[in-house]
Amino acid sequence: MTKHDDYKAELVSLQIHLVKYQEWAMKTGEKVVIVFEGRDGAGKDGAIKRITEHLAPRNTRVVALPKPSSRESTEWWFQRYTRYLPAAGELVLFNRSWYNRAGVEVVMHFSTPREQADFLRDAPIFEQMLVESDIRIVKIWLDISKKEQARRLDARRTDPLKVLKVSGMDEVAQKKWKDYSEARNKMLMRTHTEFAPWTIVHTDHKKKARLAGIRHLLQTLAPADLRQGVEAPDPDVLYKFEASALKDGRLEH
């Protein structure tokens, strides 16, 4: 059996566990939000696709919002996202989320320093309100090396099947690498909480990252009987954020 066959077999096994988990979640009325953040090219689309591939379309939503309209830009920042929050039995995956205000908006100056400071103060409060309303939150930061990001962004420009992934932000991702690192570090430090912690996933190896991510979701969300047989994620690939990761090399700089 090849490594690809091993990966495929493990992926299918984990997806079966996800289906069983969602069946349980629909019956019990679980409400779940999964936030995917990370640099351009870190693998958000691919990770989300593998998670949702066999889940119930009526109970699973992927939210990937475009640039705010002129009206939306005047709304309360979180207002744009609250309309997509789950009802009972629903799973919502944000392919980028309210954390845009702590990332790309900081680097590209799309919002004011005051708006950014307000966000870092308010985000934990907002998320605590969600948790207190019985919405479970999983926040995942997909981490990628500068070299691997450059390779993937270059592939987008030459692969006709990836042309729709190309954006204006790709052009500055490498040039503003350090700025993105600083914004990420501040975001993680200010918004990592006990009730809504950040989990870091290294994504230079896409397949390992996808498997680790699904294992983490099952270990976090599924009851004990439904996660039997699911191994814990590889700690070299996935770990809970802690301040020391900013200095010990575990996070890319």
Side-chain angles (χ1 to χ4, degrees), residues 21-22 25 28-39 42 44 47-48 51-52 59-65 68 72-73 75-107 110-143 180 182-201 213-214 216-223 233 238-246 251:
Y21 160 71
Q22 187 174 50
T28 58
E30 284 277 290
K31 297 180 287 186
V32 177
V33 165
I34 305 174
V35 169
F36 283 89
E37 295 289 341
R39 300 179 195 264
K44 294 179 289 294
I48 291 171
I51 292 166
T52 61
N59 293 75
T60 310
R61 295 200 308 279
V62 177
V63 180
L65 299 182
E72 288 172 331
S73 65
E75 294 176 346
W76 174 54
W77 176 249
F78 296 101
Q79 183 174 339
R80 195 169 180 235
Y81 299 95
T82 56
R83 66 195 68 169
Y84 297 101
L85 292 174
E90 293 181 347
L91 170 66
V92 176
L93 302 93
F94 283 96
N95 187 342
R96 297 195 185 278
S97 66
W98 45 89
Y99 282 101
N100 277 337
R101 178 137 291 178
V104 64
E105 292 209 355
V106 173
V107 175
F110 291 158
S111 52
T112 68
R114 177 182 172 178
E115 288 171 330
Q116 295 157 16
D118 288 347
F119 172 80
L120 291 174
R121 180 196 66 219
D122 294 343
I125 300 171
F126 172 69
E127 291 170 0
Q128 184 172 4
M129 292 171 65
L130 299 185
V131 171
E132 290 173 349
S133 298
D134 297 322
I135 295 176
R136 304 184 70 180
I137 303 176
V138 180
K139 300 190 303 192
I140 298 175
W141 173 266
L142 301 178
D143 206 39
Y180 273 110
E182 291 175 353
R184 174 205 62 196
N185 294 351
K186 190 172 184 179
M187 178 195 78
L188 292 173
M189 287 296 294
R190 293 287 300 277
T191 64
H192 176 73
T193 61
E194 183 179 348
F195 49 83
W198 280 102
T199 295
I200 311 300
V201 184
I214 297 176
H216 173 65
L217 293 180
L218 291 167
Q219 293 282 351
T220 303
L221 299 172
L238 181 150
Y239 60 93
K240 185 176 180 179
F241 170 73
E242 52 189 359
S244 58
L246 301 178
L251 275 166

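- Interatomic distance, CG of Leu246 versus CG of Asn185, reported as 4.5 Å (0.5 Å rounding).
- Of the candidates Lys240, Met189, Glu242, Glu37, Trp198 forms a side-chain contact (heavy atoms from CB on, under 4.5 Å) with just one, namely Glu37.
- A donor-acceptor pair under 3.5 Å is absent between the side-chain atoms of Lys44 and the main chain of Arg96, judged by distance alone.
- Looking only at side-chain heavy atoms (C-beta outward), Ile51 and Phe36 come within less than 4.5 Å of each other.
- Between Phe94 and Tyr99, the closest side-chain pair of non-hydrogen atoms is not below 4.5 Å.
- For the atom pair CZ (Arg83) and CG (Leu85), the distance works out to 10.5 Å, reported to the nearest 0.5 Å.
- Side chain of Tyr81 to backbone of Ser97: a donor-acceptor contact under 3.5 angstrom is found.
- In this structure, the side chains of Thr193 and Gln128 stay at 4.5 Å or more apart for every pair of heavy atoms.
- Distance CZ/Phe126 to CD1/Ile137: 7.5 Å, rounded to 0.5 Å.
- Look at Arg80 and Glu72 and you find a salt bridge, because one of the NZ, NE, NH1 or NH2 atoms lies within 4.0 Å of a carboxylate O, short of that distance.
- Pairs passing the salt bridge (charged side-chain N to carboxylate O under 4.0 Å, His left out) check and including a residue from residues 116-132, sequence neighbours excluded, read Arg114-Asp118, Asp118-Arg121, Glu127-Lys139.
- Looking at residues two or more places apart in sequence or on another chain, you find no salt bridge (charged side-chain N to carboxylate O under 4.0 Å, His left out) involving Arg190.
- Using modelled atom types, no side-chain atom of Trp98 and backbone atom of Trp77 make a donor-acceptor pair closer than 3.5 Å.
- A distance of 9.0 Å separates CD1 in Ile34 from OG1 in Thr220, rounded to the nearest 0.5 Å.
- Side-chain contact check for Ile135 versus Pro86: some heavy-atom pair is nearer than 4.5 Å.
- Rounding to the nearest 0.5 Å gives a distance of 12.0 Å between CD1 of Ile48 and OG1 of Thr60.
- Remark: the backbone N or O of Gly89 is paired with a side-chain donor or acceptor of Asn59 at under 3.5 angstrom.
- With sequence neighbours excluded, no residue satisfies side chain to side chain contact (heavy atoms under 4.5 Å, CB included) with Ser73.
- Here the straight-line distance linking atom OG1 of Thr52 with atom CZ of Arg61 works out to 13.0 Å at 0.5 Å rounding.
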